[in-house]
6 protein chains.
Amino acid sequence: MKIQLINPNTCQGMTDKIALSAQSVCLSSSEIIARNPAHGPESIECALDETIAAAALLDVIAQGEAEGVDAHIIACFGDPAIDAARELASVPVIGIAGAAFQLASLVSHRFGVVTTMSRTLPTAEHLLHRYGYHHLCSGVRATDIAVLDLEQIQASAYQQLLQECRAAVNQDGAEAIVLGCAGMSDLATELSAALNVPVIDGVAAAVKLAESLHALKLTTSKSGNYAAPLSKSFHGRYQHWSR
Amino acid sequence: MKIQLINPNTCQGMTDKIALSAQSVCLSSSEIIARNPAHGPESIECALDETIAAAALLDVIAQGEAEGVDAHIIACFGDPAIDAARELASVPVIGIAGAAFQLASLVSHRFGVVTTMSRTLPTAEHLLHRYGYHHLCSGVRATDIAVLDLEQIQASAYQQLLQECRAAVNQDGAEAIVLGCAGMSDLATELSAALNVPVIDGVAAAVKLAESLHALKLTTSKSGNYAAPLSKSFHGRYQHWSR
Amino acid sequence: MKIQLINPNTCQGMTDKIALSAQSVCLSSSEIIARNPAHGPESIECALDETIAAAALLDVIAQGEAEGVDAHIIACFGDPAIDAARELASVPVIGIAGAAFQLASLVSHRFGVVTTMSRTLPTAEHLLHRYGYHHLCSGVRATDIAVLDLEQIQASAYQQLLQECRAAVNQDGAEAIVLGCAGMSDLATELSAALNVPVIDGVAAAVKLAESLHALKLTTSKSGNYAAPLSKSFHGRYQHWSR
Amino acid sequence: MKIQLINPNTCQGMTDKIALSAQSVCLSSSEIIARNPAHGPESIECALDETIAAAALLDVIAQGEAEGVDAHIIACFGDPAIDAARELASVPVIGIAGAAFQLASLVSHRFGVVTTMSRTLPTAEHLLHRYGYHHLCSGVRATDIAVLDLEQIQASAYQQLLQECRAAVNQDGAEAIVLGCAGMSDLATELSAALNVPVIDGVAAAVKLAESLHALKLTTSKSGNYAAPLSKSFHGRYQHWSR
Amino acid sequence: MKIQLINPNTCQGMTDKIALSAQSVCLSSSEIIARNPAHGPESIECALDETIAAAALLDVIAQGEAEGVDAHIIACFGDPAIDAARELASVPVIGIAGAAFQLASLVSHRFGVVTTMSRTLPTAEHLLHRYGYHHLCSGVRATDIAVLDLEQIQASAYQQLLQECRAAVNQDGAEAIVLGCAGMSDLATELSAALNVPVIDGVAAAVKLAESLHALKLTTSKSGNYAAPLSKSFHGRYQHWSR
Amino acid sequence: MKIQLINPNTCQGMTDKIALSAQSVCLSSSEIIARNPAHGPESIECALDETIAAAALLDVIAQGEAEGVDAHIIACFGDPAIDAARELASVPVIGIAGAAFQLASLVSHRFGVVTTMSRTLPTAEHLLHRYGYHHLCSGVRATDIAVLDLEQIQASAYQQLLQECRAAVNQDGAEAIVLGCAGMSDLATELSAALNVPVIDGVAAAVKLAESLHALKLTTSKSGNYAAPLSKSFHGRYQHWSR
């Protein structure tokens with residue numbers, strides 16, 4: 001199957017990194033097509049960034065649909081534009097936050113989330129409520145490591161991340177850790193070895209869920225809220241969306 | 001005070017209509033500056049429309065900030081981009097759904113919401129939860145009148161709207177009605193007379209709340225989640241957002 | 001318009017103080033009629049005080065209705081007797097706690113409440129749930145300053161209040177502060193300057209909401225739970241309520 | 001033990017009726033002292049009635065305390081003034097709604113509530129939330145039988161009550177019925193025989209819970225929210241509350 | 001009446017202890033029949049123990065039914081197998097956790113729970129949610145005293161228990177304490193004297209509730225979820241359940 | 001990998017059927033070991049059945065652990081004994097209800113559940129709450145088809161099932177259907193074709209999730225609630241559990 005893996009920010013380094021993470025866990029029969037939008041912010045760390053990136057990434061969804069991919073993954077922990085993407089797509093669309101919460105809940109009673117900037121905490125809280133995992137989460141912790149600093153993480157930033165993970169386990173009672181940024185996807189194995197609890201990377205989780213849905217021939221329901229968008233005119237820089 | 005009233009879709013007729021509604025209720029000392037984005041969909045009726053319109057309306061927020069307006073109103077019942085707008089703004093940003101829920105709760109024990117397309121029901125439900133008014137709402141009803149058909153409403157569409165309002169009162173126990181679309185703002189008085197319960201138009205409600213905050217010198221807190229966005233590069237059609 | 005501003009306790013000094021607060025923010029076309037009941041406790045600091053004051057203040061509602069006021073404000077942070085008052089009134093009845101929560105939520109993502117006695121914490125918690133603002137509140141803090149000591153606040157008590165506000169901001173993450181007692185209404189400006197976040201006084205908030213509803217011709221729905229009370233006999237000291 | 005059974009309205013016939021109900025189920029060692037306040041409404045059917053009755057019944061609590069009773073029961077389904085009564089009392093104070101919910105939950109998975117006037121539905125809903133039984137309730141149904149008509153119930157009113165109980169069982173899935181008015185306390189046995197499910201009368205339930213607490217030497221905690229009221233002056237018709 | 005008091009673990013010392021507790025509070029007309037299953041774990045401290053004990057204790061329910069007891073009490077704080085027991089029983093089945101929460105809520109605004117092993121905290125949290133008392137609980141604290149060490153408690157373990165109870169009162173704001181293990185039933189009086197707040201033992205609470213239901217002729221509803229189990233074959237060591 | 005697929009009832013026909021379903025969707029590298037306990041009920045349709053089956057299936061978990069399987073699936077829609085199984089297991093344990101909810105939420109906004117006996121509705125409701133999917137479920141419908149009648153389903157029973165699925169879609173707004181019994185696992189494809197919405201079988205879903213966790217080297221956290229059970233004596237028919 002072809003999995004379109006979308007990094008919703010414009011940082012090519014991040015796109016390359018998550019492509020590697022995805023390729024390291026996918027089936028041999030899966031092809032990972034990693035992309036980022038041509039437009040938008042270099043990283044997503046506040047509501048402005050996310051609102052712009054959401055509009056930008058929909059172009060990539062449309063491109064993937066045109067090419068006939070079998071699933072889309074939105075690889076930003078805010079799962080931006082997921083409802084609009086599901087309207088556009090004929091195949092499954094998976095967000096990495098939702099994917100990580102699902103697998104974390106299968107291997108722990110309570111999991112913790114460790115994320116980047118404090119500014120993104122409300123987004124994580126919102127997603128825990130939206131997907132129904134709030135009561136299974138022992139808490140969300142921010143490291144205040146900038147997203148772009150994750151591209152090639154320094155020893156000091158890694159220690160900071162490890163320290164917050166330890167606090168999640170020892171103080172909050174987390175039995176597993178969900179990594180709250182696609183940029184951390186290469187660190188899951190090392191952190192799990194250090195912490196001795198499962199550490200879940202949403203990119204890897206989403207790849208396996210995409211393959212699972214594909215194997216079961218399950219795809220986005222077109223009955224109800226995810227039916228195709230209504231036809232109408234769009235203007236200006238969005239006129240390509242006119243239907 | 002200067003109130004920037006933003007219609008997030010590109011339909012000029014809708015912008016003109018809500019400008020009239022706002023002007024009919026504002027203080028004589030208030031100036032209504034009604035605008036819509038140059039870009040985006042002609043109406044907002046599904047998640048794709050809303051995601052695009054959210055990114056587009058932020059340009060209008062920035063323009064109003066540059067001009068020194070005293071408040072922004074987002075005049076679409078989904079309150080799109082409200083968090084990003086509050087990050088950008090130094091003055092209050094008010095969404096018409098939240099504004100309508102607030103005033104409705106002051107004059108009733110339970111209020112009903114009557115909106116346009118069935119597709120927008122999840123948005124209304126989401127906002128009732130977000131703002132905390134779900135338990136005070138007797139139900140959300142859709143009329144399946146297209147938003148643009150509200151521009152100059154036909155008798156039959158008006159009857160359909162009236163009928164859903166009556167059902168909200170008689171079957172659901174609504175004691176007041178919140179109109180679920182900015183395009184209905186000119187119908188509140190007539191509907192209230194017919195129904196004999198308060199009917200709340202969010203545009204009018206938001207204007208009075210903007211004036212209230214201004215009189216009390218209350219403005220968006222810049223401590224915490226609505227602090228100014230972080231500086232970073234944006235690319236392509238969003239490079240004007242680079243800071 | 002005529003706004004009846006009711007201090008539900010019998011302390012004239014408090015009534016005078018909130019009258020000044022209200023007059024300093026109302027429109028020039030608004031007349032503030034400040035009153036307190038002839039009967040009841042000198043301050044409201046526990047459930048006994050509130051239960052007695054609730055019955056007592058209804059006499060003032062009836063008096064205002066007879067005189068044709070355009071709105072009633074119940075100026076005690078417990079919003080006592082608000083349902084019974086809405087049954088009696090043909091015009092809006094606004095409680096200062098609910099009013100403060102509404103405006104606070106328009107200028108912050110999370111607000112804190114700072115109140116008087118620890119004994120009143122359950123009342124504040126109850127109102128946050130009743131009005132649906134619990135998830136938007138970062139916490140309620142008590143200062144254990146007696147209500148009557150607010151009449152002419154000493155420097156030490158002010159420092160105590162300021163300190164709890166600071167703790168709300170710095171420890172709880174409050175982005176705005178709601179003052180949890182009508183007796184603090186003269187301190188909002190000074191506290192906001194010291195804290196650099198919005199500080200909301202419920203008395204001022206309620207005045208602006210009363211004016212907003214009046215401008216929009218919105219008044220208490222008489223369909224459903226706030227319909228006029230049923231006619232029946234009352235005995236003893238309540239026989240004036242016989243209908 | 002001495003149990004003070006308080007009918008919070010001034011209808012002597014209702015007081016006599018619930019006294020009989022209580023005496024028919026209490027231990028031989030229990031003495032039922034049934035009383036109603038000298039002041040207030042003849043029945044409690046809306047928020048005005050309840051707010052007045054709440055203040056009035058506190059006099060009876062004080063009288064019982066002075067006489068050394070061992071428990072107080074507030075025999076109105078709204079459990080009015082229960083917090084203030086617990087502040088005043090050194091012994092347990094039990095409301096009949098809370099008592100009925102407790103016993104109903106011990107003999108059913110889901111129970112229904114059948115009450116008097118539609119106007120009292122929000123009170124029942126509020127109490128289900130306050131006490132935590134909302135998720136165990138299959139629904140609240142009103143009969144619109146006036147409270148005073150229960151004093152000597154007509155065959156037609158009984159049929160109406162039976163019919164709503166049947167609908168609760170057959171349509172809502174109620175496995176037991178809670179009677180939503182003290183005035184129905186004499187009908188529990190007959191209704192249970194007709195319906196073949198447990199029917200719980202709150203008066204009887206409260207008597208047994210009062211005896212249970214007494215046997216276990218459990219009484220109202222005076223640490224925290226139910227500590228004795230603070231000393232202060234009361235004026236006018238409430239000056240007897242000055243402490 | 002005959003009350004079958006079931007200790008679901010196989011520790012005879014615990015059975016004897018709770019029999020004494022029950023006998024010290026029951027009516028003279030009540031007969032306590034204390035039993036434990038012949039099969040299963042010696043104590044219940046994790047989900048494995050509870051799952052096994054649940055199946056084992058149903059044999060004792062069946063025995064009691066055959067003998068015509070008037071009520072069953074499941075004397076383990078996890079209220080194991082309560083739904084299955086209610087299907088089997090024609091008389092009330094009461095769990096000690098639910099019983100303790102009910103009485104605690106009648107004498108306090110917020111109660112704390114102090115239990116044995118940290119491993120049992122999720123069980124207590126689950127029951128608080130199931131029965132609807134979560135919002136009335138100030139917190140659950142574990143002592144990490146092993147259940148069997150409660151049989152004859154050492155001074156040091158008692159001090160540890162007392163210390164956690166004090167922390168519940170002073171730090172969490174508990175106004176009453178619920179003891180989270182049947183094995184603590186002999187300590188309630190001593191702890192209450194030391195703490196000066198009500199201390200509720202679930203075994204005693206359940207006995208009084210069983211007597212209350214019996215006096216009111218209330219028994220498990222056989223309409224709906226607690227109807228008798230469907231007839232079917234059971235195999236192997238459970239073939240005695242074939243119906 | 002080796003996946004132990006456990007049918008918790010003793011019906012061999014059901015075990016064979018779900019083995020086929022699992023084999024039809026698993027990877028070629030996966031081996032399905034389908035088993036049922038030697039002890040317990042022939043089908044699970046009420047709380048008694050489930051309580052007995054829960055204890056019985058733990059023997060199969062232990063057997064699988066001893067043999068070194070890589071994952072366990074509990075193939076009954078009540079997910080019985082899942083906490084105890086996770087304590088015992090060193091590898092993941094997946095329940096089919098939780099698995100089905102997860103995949104359903106990835107392809108729909110709201111899903112419906114269609115199950116067997118009305119008696120099992122509370123179990124489904126409980127699991128929706130436990131796993132956090134209640135707000136994403138449009139409703140649970142019972143067909144009152146006996147579990148054993150699913151072994152070789154008659155045309156009439158299939159029509160009944162199809163009719164309830166249609167009602168879920170058309171009346172409740174379900175956008176996808178979760179099949180509420182392992183015995184329906186062979187019907188998903190046919191039903192999906194008839195309904196034109198995704199139909200999720202929990203057995204297939206659990207197999208793919210087990211493979212996903214295995215590929216990511218994620219296994220049950222042994223830190224916290226799913227740590228190995230404490231060592232202690234068990235008696236009688238459970239003495240093989242003594243540790």
Side-chain angles (χ1 to χ4, degrees), chain D residues 25-27 83 86 92-95 98-99 101-111 128-136 138 169 173-176 188-189 192 195-201 204-205 207-227, chain E residues 25-27 83 86 92-95 98-99 101-111 128-136 138 169 173-176 188-189 192 195-201 204-205 207-227:
Chain D
V25 299
C26 72
L27 293 174
D83 288 322
R86 284 176 176 165
V93 182
I94 300 174
F101 299 158
Q102 291 194 348
L103 296 198
S105 76
L106 294 177
V107 293
S108 68
H109 179 74
R110 290 269 167 94
F111 60 83
L128 286 163
H129 276 292
R130 173 186 168 150
Y131 295 128
Y133 284 90
H134 200 263
H135 63 306
L136 300 177
S138 59
V169 172
E175 299 171 7
T189 307
S192 183
L195 295 162
N196 207 20
V197 298
V199 174
I200 295 97
D201 160 42
V207 167
K208 301 317 286 183
L209 289 174
E211 291 173 343
S212 295
L213 293 175
H214 188 251
L216 302 181
K217 300 190 176 56
L218 292 172
T219 188
T220 305
S221 176
K222 288 293 153 182
S223 169
N225 286 295
Y226 296 142
Chain E
V25 300
C26 72
L27 293 173
D83 288 322
R86 286 178 174 162
V93 182
I94 300 174
F101 298 159
Q102 291 194 347
L103 296 199
S105 77
L106 295 176
V107 293
S108 67
H109 178 74
R110 291 266 168 97
F111 60 83
L128 286 163
H129 278 292
R130 171 182 169 153
Y131 295 130
Y133 285 90
H134 200 262
H135 64 306
L136 300 177
S138 59
V169 171
E175 299 172 7
T189 307
S192 183
L195 294 163
N196 207 21
V197 299
V199 174
I200 295 94
D201 159 43
V207 167
K208 301 317 287 183
L209 289 173
E211 292 174 342
S212 295
L213 293 174
H214 188 251
L216 301 182
K217 300 188 177 58
L218 292 172
T219 188
T220 304
S221 176
K222 287 292 149 183
S223 169
N225 286 294
Y226 297 141

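The shown structure was predicted, so the numbers you read here are calculated from the model rather than taken from an experiment. Worth knowing before you read on, the calculation uses all heavy atoms, side chains too, and leaves out hydrogens, waters and symmetry mates. We name chains A, B, ... by the order of the sequence lines, and we start the count at 1 in each one.
Contact annotation for D/H129: only backbone heavy atoms (N, CA, C, O) come within less than 4.5 Å of a heavy atom of chain E. With a 4.5 Å cut-off on non-hydrogen atoms, D/T219 touches chain E through its backbone but not through its side chain. Both the backbone and the side chain of D/L106 come within contact range of chain E, judged by heavy atoms closer than 4.5 Å. Of the two parts of D/L218, the backbone and the side chain both hold a non-hydrogen atom closer than 4.5 Å to a non-hydrogen atom of chain E. In this structure, the portion of D/V199 lying under 4.5 Å from any heavy atom of chain E is its backbone and not its side chain. Looking at D/L216, only its side chain comes within 4.5 Å of chain E, counting heavy atoms on both sides. Using a 4.5 Å cut-off between heavy atoms, D/H135 contacts chain E through its side chain alone, with no backbone atom that close. Of the atoms belonging to D/Y131, it is backbone heavy atoms, and not side-chain ones, that fall under 4.5 Å from chain E.
Atom NZ of E/K222 is separated from atom CG of D/N196 by 12.0 Å, given to the nearest 0.5 angstrom. The OG atom of E/S108 lies 8.5 Å from the CZ atom of D/R86; values are rounded to the nearest 0.5 Å. A distance of 8.5 Å separates CG of D/L27 from CD of E/E211, quoted to the nearest 0.5 Å. To the nearest 0.5 angstrom, D/K217 atom NZ is 11.0 Å from E/S192 atom OG.
For the pair D/S221 (side chain) and E/E175 (backbone), a donor-acceptor distance under 3.5 Å is present.
Heavy-atom pairs under 4.5 Å with chain D were tallied for E/G224, E/A205, E/P198, E/A188; the largest tally goes to E/P198. Residue with the most contacts toward chain D among E/G98, E/A176, E/A204: E/A204 (heavy-atom pairs, distance under 4.5 Å). Contacts with chain E were tallied for D/Q102, D/R110, D/H134; D/Q102 has the most, counting heavy-atom pairs under 4.5 Å. Options D/V197, D/D201, D/L103 differ in how many heavy-atom pairs under 4.5 Å they form with chain E, and the most are formed by D/L103.
Under the rule for a salt bridge (charged side-chain N to carboxylate O under 4.0 Å, His left out), the partners of E/R130 that lie at least two apart in sequence or sit in another chain are E/D83. Partners of D/T220 according to the side-chain hydrogen bond (donor to acceptor under 3.5 Å, both in side chains) rule, which considers only residues two or more places apart in sequence or in another chain, do not exist here.
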